[in-house]
Number of protein chains: 2
Amino acid sequence: MDLVLLTIRQGALHVLLIRRGIPPFTGQWALPGGFVLDGEGLDAAAARELHEETGLLPGHLEQLATYGDPGRDPRGRVFAVAYLALLPDLPVPVAGSDAAAASWQPLPIAGLAFDHDAILADGLERARSKLEYSPLATAFCPPEFTIAELREVYETVWRTRLDPRNFHRKVTGAAGFVEPTGETVIRDRGRPAQLFRRGSATLLHPALLRPGSSSQLTPMVTDSEDHVAEREVTE
Amino acid sequence: MDLVLLTIRQGALHVLLIRRGIPPFTGQWALPGGFVLDGEGLDAAAARELHEETGLLPGHLEQLATYGDPGRDPRGRVFAVAYLALLPDLPVPVAGSDAAAASWQPLPIAGLAFDHDAILADGLERARSKLEYSPLATAFCPPEFTIAELREVYETVWRTRLDPRNFHRKVTGAAGFVEPTGETVIRDRGRPAQLFRRGSATLLHPALLRPGSSSQLTPMVTDSEDHVAEREVTE
DNA sequence: CGTCGTTGTCGTCATCATGACGATAAAGCA
DNA sequence: TGCTTTATCGTCATGATGACGACAACGACG
């Protein structure tokens, strides 16, 4: 089991990585992971490991895909179920017991152990597309946030710039996406902004599409259809 | 590994099932499945088993999700990677070597062995949503088809009725979805229809949304996020 | 205290995609 | 020659969106 834990720190997307302390790939960065315990479901195992690594309860956690290409792990055939979690900015993560070190690394990053580059890429793409049709961006935010902060999430994850006025209209207009708390705050400069909480909706309609993602026709991308097998090593 | 093989026969969606010849769940219907061989990737294993069951090469095949709830298989803890395939109508499937019988069963159907009801439901929902934002519906069609036949695919999978004129406009207007062969055929009655081939696009933009799927706000659904663990038995 | 820069929020407008639906074309059949 | 059926084109009103103007409400600075 591998975890792709994403968060936004200082305006940049970060992923939680551990530095491997044992072979293979000693000294290289890798996704945090572990084993599924007896009597434990996959979702439960992912939630447990997320808690072990970050001390957090699962805000948003979903199964990403399973990787099982032969040759992925030099020690033999191993299958890995990958999970994706989106987290608000949080304190320094607690280093896992079996990892030499754990830390948030800014994206993009490459050169990870095993096939973790590919898993990370899949997780990233999943996160990007989920922002389009779900109110999931709030998972990156604290309980209360401003529309501008929510917009920064989109801009950071999509590496794009959105029009503040149209974004405001879209987000506040979509039922169940966010709901006002009634309070206002002054973040930095300028006019005070309203505070919002995440709404109850779990689906966003109509979708909030990435600019340029479309034109008329379409390039290529097929979700998990083009996943390549992957290996699971465990520390 | 479990396979959710879907096809359309006589205007109804069908899934390929096998009748179990050995315990547990002897005599019950189950999804076809098998093991991943040494040196074989997950995608390759799914393609091989698809070929073994149907004699077909993978038209469209994608990883669905992995199930691993404890208690799923009475014989012990087993993980199952599920794959989804969409196939055109084809001759009677070849019975698998380890299955008492294999046949196409019309949906809806319930009472499958293990947690296959849940896997099937996930596969169905995946297929339904994929029709929205990908030109995947052509995977249910023969190489050449009419717009009406393509529309029947949507209507069958979505259990809905679509306006022929708007559908025609949408499909022929989306670049790369379908391309005319230049020929026409008379299917049943009425004016001859143009024949089309699937286009090169792999993504459909803008999406072709299910009627009623939206209104303004949104109910709930989160892809693979709410999957429940599942078990894998093998014949 | 007035002005400026900055940020939040509301409004307007043209464009595009869509649902509803009329109209015509091209076949078979009575 | 109608009549029925299916395919395909066209029209219209509506809703969502991108571009962008305008105003509001704060701090900072003179």
Side-chain angles (χ1 to χ4, degrees), chain A residues 11 131-133 141 144-155 158 160-196 203-218, chain B residues 11 131-133 144-155 158 160-175 177-196 203-218:
Chain A
L131 290 201
E132 291 188 319
Y133 57 90
C141 297
E144 302 199 341
F145 50 87
T146 67
I147 299 296
E149 290 166 345
L150 184 61
R151 179 164 45 84
E152 280 184 43
V153 169
Y154 277 89
E155 294 182 334
W158 285 349
T160 231
R161 211 115 286 265
L162 300 175
D163 184 284
R165 299 158 292 193
N166 292 335
F167 183 83
H168 189 279
R169 175 183 59 190
K170 174 71 179 179
V171 168
T172 56
F177 194 164
V178 295
E179 48 188 36
T181 67
E183 298 167 280
T184 62
V185 283
I186 303 177
R187 286 313 193 191
D188 198 14
R189 297 173 292 242
R191 173 177 168 178
Q194 270 188 280
L195 277 180
F196 290 84
L203 205 39
L204 182 59
H205 186 86
L208 176 50
L209 298 171
R210 294 175 257 196
S213 80
S214 56
S215 323
Q216 182 106 192
L217 28 141
T218 68
Chain B
L131 290 201
E132 292 189 320
Y133 58 91
E144 301 198 341
F145 50 87
T146 67
I147 300 296
E149 290 166 345
L150 184 61
R151 178 164 46 84
E152 280 184 45
V153 169
Y154 277 90
E155 295 181 334
W158 286 348
T160 237
R161 211 115 288 263
L162 301 174
D163 183 283
R165 298 158 292 192
N166 292 336
F167 183 82
H168 190 278
R169 175 183 59 189
K170 172 73 180 179
V171 168
T172 56
F177 194 165
V178 295
E179 47 189 37
T181 67
E183 298 168 280
T184 61
V185 284
I186 303 176
R187 287 312 193 192
D188 198 14
R189 296 173 293 237
R191 174 176 169 179
Q194 270 188 282
L195 277 179
F196 291 84
L203 204 39
L204 182 57
H205 186 88
L208 177 49
L209 298 171
R210 291 176 259 196
S213 80
S214 55
S215 323
Q216 181 106 192
L217 28 141
T218 68

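Numbered from 1 within each chain, the chains take letters A, B, ... in sequence-line order. Heavy atoms only: backbone and side chains are in, while hydrogens, waters and symmetry mates are out. Computed from a predicted model, the values in this text were never measured in an experiment.
Rounded to an integer number of Å, the gap from B:L162 CG to C:dC21 C1' is 16 Å. We find that CG of B:N166 is positioned 12 Å from C1' of D:dC12, with the value rounded to whole Å.
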Short heteroatom pairs, N/O only, protein and nucleotides 28-30 of chain D, under 3.5 Å:
none

With 3.5 Å as the limit, what N/O pairs link the protein to nucleotides 21-23 of chain D?
{"residue": "D:dG21", "atom": "N7", "partner": "A:R165", "partner atom": "NH1", "Å": "2.6"}
{"residue": "D:dG21", "atom": "O6", "partner": "A:R165", "partner atom": "NE", "Å": "3.4"}
{"residue": "D:dG21", "atom": "O6", "partner": "A:R165", "partner atom": "NH1", "Å": "3.2"}

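When each of A:R169 and A:A193 is assigned the nucleotide of DNA chain C with its nearest heavy atom, A:A193 is the one assigned upstream, toward the 5' end. Along DNA chain D, the nucleotide nearest A:L208 and the nucleotide nearest A:G190 are compared for position; the residue whose nucleotide lies closer to the 5' end is A:L208.
A:K170 has no side-chain polar atom (N or O) that falls below the 4.0 Å cut-off from OP1 or OP2 of D:dA16. Contact annotation: B:H168 does not reach the phosphate of D:dA7 (side-chain N/O to OP1 or OP2, under 4.0 Å).
Within residues 145-152 of chain A, no residue has any heavy atom closer than 4.0 Å to DNA chain D.
A:E132 contributes a side-chain N or O that, together with a main-chain N or O of A:R210, makes up a donor-acceptor pair within less than 3.5 Å. Judged by distance alone, the side chain of A:E155 and the main-chain N or O of A:L162 form a donor-acceptor pair under 3.5 Å. Between the side chain of A:Y154 and the main chain of A:L131, a donor-acceptor pair closer than 3.5 Å is present.
Among C:dA27, D:dT8, C:dA20, the nucleotide with an atom closest to any side-chain atom of B:I186 is C:dA27. Here C:dT7 is the nucleotide among C:dT18, C:dA27, C:dT7 with the atom lying nearest to any side-chain atom of A:R189.
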